[in-house]
Amino acid sequence: MTVIVLSGPIGAGKSSLTSILAKYLGTKPFYESVDDNPVLPLFYADPKKYAFLLQVFFLNTRFRSIKDALTDDNNVLDRSIYEDALFFQMNADIGRATTEEVDTYYELLNNMMNELKHMPKKNPDLLVHINVSYDTMLKRIQKRGRPYEQLSYDATLEDYYKRLLRYYKPWYENYDYSPKMEINGDELDFMTDEHAREVVLEQIVAKLKEMGKLPESWDKSTKIEIDA
Ligand SMILES: Nc1ncnc2c1ncn2[C@@H]1O[C@H](COP(=O)(O)OP(=O)(O)OP(=O)(O)O)[C@@H](O)[C@H]1O
Ligand SMILES: Nc1nc(=O)c2ncn([C@H]3C[C@H](O)[C@@H](CO)O3)c2[nH]1
């Protein structure tokens, strides 16, 4: 049927919506490596030292999921590979990578993207971007509670998160690897409000129908259970 990728800043709700969407459409979810990621806590403790290593770690694990997802044509991924460069560029811009690391990273990314061109499906069918304000992003980060992402752990994260939101805006506007759509993550509390969840799912289904990826007659009569 279709490969959908989610995008959006930290805590926007990508993993949550991936799980909801995969259950709803009866497809397979793929998650970014976070709780089993040994480099992530090191990065938050010493970003300058570990920015490059973290980036290579994410690129490696993301590449593996993409290869699986793009060969089996029926999946939802909780973050796009196209956002990896956004993260690294931002970290490089604030002095967390040397010129050599930046050059090496882009060369590696380029090589990997070229490999993807040989896959049966080269790009996702649809990018679903979750838009959130700084306040929402922070609330969700607090709700999820990873210690090293809290402002109480490192006050400079406020600037890091605000900067990230500024990088996302042009990134989404310029994204053109597939059709795309935006979800209002501030207004649509799809984790606790059943109506909001239906609105989001209807928006995505409508887009898939418009693209011819779902038949017009497609309907999901059974309500889904959410493990929040
Ligand atoms: N629309 C929403 N309404 C209310 N709560 C939400 C919503 N989306 C996510 N949450 C909550 O916010 C927290 C972060 O969500 P989630 O882990 O899905 O974000 P993410 O975008 O995958 O984050 P990351 O980029 O760090 O992987 C979770 O506690 C989740 O339950
Ligand atoms: N530096 C950096 N580069 C990435 O490509 C990247 N992708 C995700 N993350 C961080 C954000 C969340 O804390 C956590 C879960 O998304 O991992 C990244 N951090």
Side-chain angles (χ1 to χ4, degrees), residues 5-22 29-63 65 76-94 96-97 101-102 105-106 108-109 112 128-133 135-151 153-154 157 160-161 163-165 167-168 171 182-201 203 226-228:
V5 293
L6 276 287
S7 69
I10 301 170
K14 300 177 297 297
S15 308
S16 310
L17 189 53
T18 294
S19 144
I20 292 170
L21 202 52
F30 284 82
Y31 300 102
E32 157 175 276
S33 169
V34 177
D35 295 331
D36 58 344
N37 181 332
V39 189
L40 200 54
L42 297 176
F43 167 77
Y44 280 98
D46 190 345
K48 200 165 177 169
K49 184 168 177 191
Y50 290 105
F52 179 72
L53 179 60
L54 179 64
Q55 218 56 51
V56 170
F57 183 96
F58 269 121
L59 194 53
N60 188 34
T61 50
R62 206 167 329 271
F63 192 63
S65 338
V76 186
L77 288 97
D78 80 340
R79 185 172 245 141
S80 73
I81 194 167
Y82 312 111
E83 288 158 273
D84 284 37
L86 176 162
F87 266 94
F88 192 53
Q89 191 56 56
M90 184 181 95
N91 276 284
D93 290 348
I94 52 178
R96 293 170 169 182
E101 285 172 334
V102 171
Y105 178 74
Y106 278 113
L108 180 62
L109 182 62
M112 289 192 166
V128 178
H129 183 66
I130 308 178
N131 234 329
V132 283
S133 62
D135 287 348
T136 302
M137 178 183 178
L138 202 61
K139 259 189 239 145
R140 304 255 166 90
I141 288 172
Q142 286 166 348
K143 181 179 170 196
R144 186 177 50 204
R146 285 182 203 135
Y148 49 78
E149 290 177 345
Q150 308 306 316
L151 300 193
Y153 179 82
D154 175 0
L157 284 171
Y160 185 72
Y161 293 155
R163 189 181 288 269
L164 188 65
L165 287 175
Y167 275 64
Y168 259 102
W171 175 85
E182 273 180 285
I183 297 291
N184 187 331
D186 287 338
E187 284 176 10
L188 295 165
D189 179 345
F190 50 76
M191 288 309 285
T192 53
D193 177 353
E194 193 173 324
H195 175 68
R197 188 157 63 237
E198 274 168 19
V199 169
V200 169
L201 290 169
Q203 286 174 0
I226 305 294
D227 324 310

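All values derive from a computational prediction rather than experimental measurement. Atoms within each ligand, like the ligands themselves, are counted from 1 in listed order. Just so it is clear, the values below take in all heavy atoms, side chains as well, and ignore hydrogens, waters and symmetry mates.
- Within the structure, ligand 1 has Ile10 among the residues with a heavy atom less than 4.0 angstrom away.
- For atom 16 (O) of ligand 2, the closest heavy atom belonging to the protein is Glu32 OE2, 2.5 Å.
- Ligand 1 has an N or O atom lying under 3.5 Å from an N or O atom of Ser15, backbone or side chain.
- Contact atoms of ligand 2 toward Tyr160: 1 (N) (distance under 4.0 Å to a heavy atom of the residue).
- Taking both residues in full, the closest heavy atoms of Glu32 and Arg62 are given as OE1-NH1, 2.8 Å, listed atom of the first, atom of the second, then distance.
- The closest protein non-hydrogen atom to atom 12 (C) of ligand 2 is Glu149 OE2, 3.2 Å.
- Residue contacts with ligand 2 for Leu54 involve side-chain atoms from C-beta outward but no N, CA, C or O (heavy atoms, distance under 4.0 Å).
- When the shell of 6.0 Å around CD of Glu187 is examined, it contains 12 or fewer heavy atoms from other residues, nucleotides or ligands.
- With a 4.0 Å heavy-atom cut-off, ligand 2 is reached by no atom of Arg96.
- Counting the atoms of ligand 2 from 1 in the order shown, those under 4.0 Å from a heavy atom of Tyr44 are 11 (C), 12 (C), 13 (O).
- Considering only non-hydrogen atoms, atom 11 (C) of ligand 2 lies nearest to Ile10 out of Asp84, Ile81, Leu86, Ile10.
- The Asn91 neighbourhood of ligand 2 comprises atoms 1 (N), with distances under 4.0 Å to a heavy atom of that residue.
- Between the side chains of Glu83 and Tyr168, at least one donor N or O lies within less than 3.5 Å of an accepting N or O.
- Of the candidates Tyr50, Phe58, Phe57, Phe58 is the only one forming a side-chain contact (heavy atoms from CB on, under 4.5 Å) with Leu40.
- The shortest heavy-atom distance from Val34 to ligand 1 is not under 4.0 Å.
- Taking distance alone, with nitrogen or oxygen atoms compared against 3.5 Å, Arg146 stays at or beyond that limit from ligand 2.
- The nearest protein atom to atom 18 (C) of ligand 2, hydrogens excluded, is given as Phe58 CE1, 3.5 Å; this is a heavy-atom distance.
- Of the heavy atoms in Phe43, only side-chain atoms (C-beta onward) come closer than 4.0 Å to ligand 2.
- Comparing Lys14, Arg144, Glu32, Arg140 by heavy-atom distance to atom 26 (O) of ligand 1, the nearest is Arg144.
- The aromatic rings of His129 and Trp171 are tilted relative to each other, their planes meeting at an angle between 30° and 60°.
- In this structure, Gly8 falls outside the shell of residues with a heavy atom less than 4.0 angstrom from ligand 1.
- Residue contact annotation: Arg79 has a non-hydrogen atom under 4.0 Å from ligand 1.
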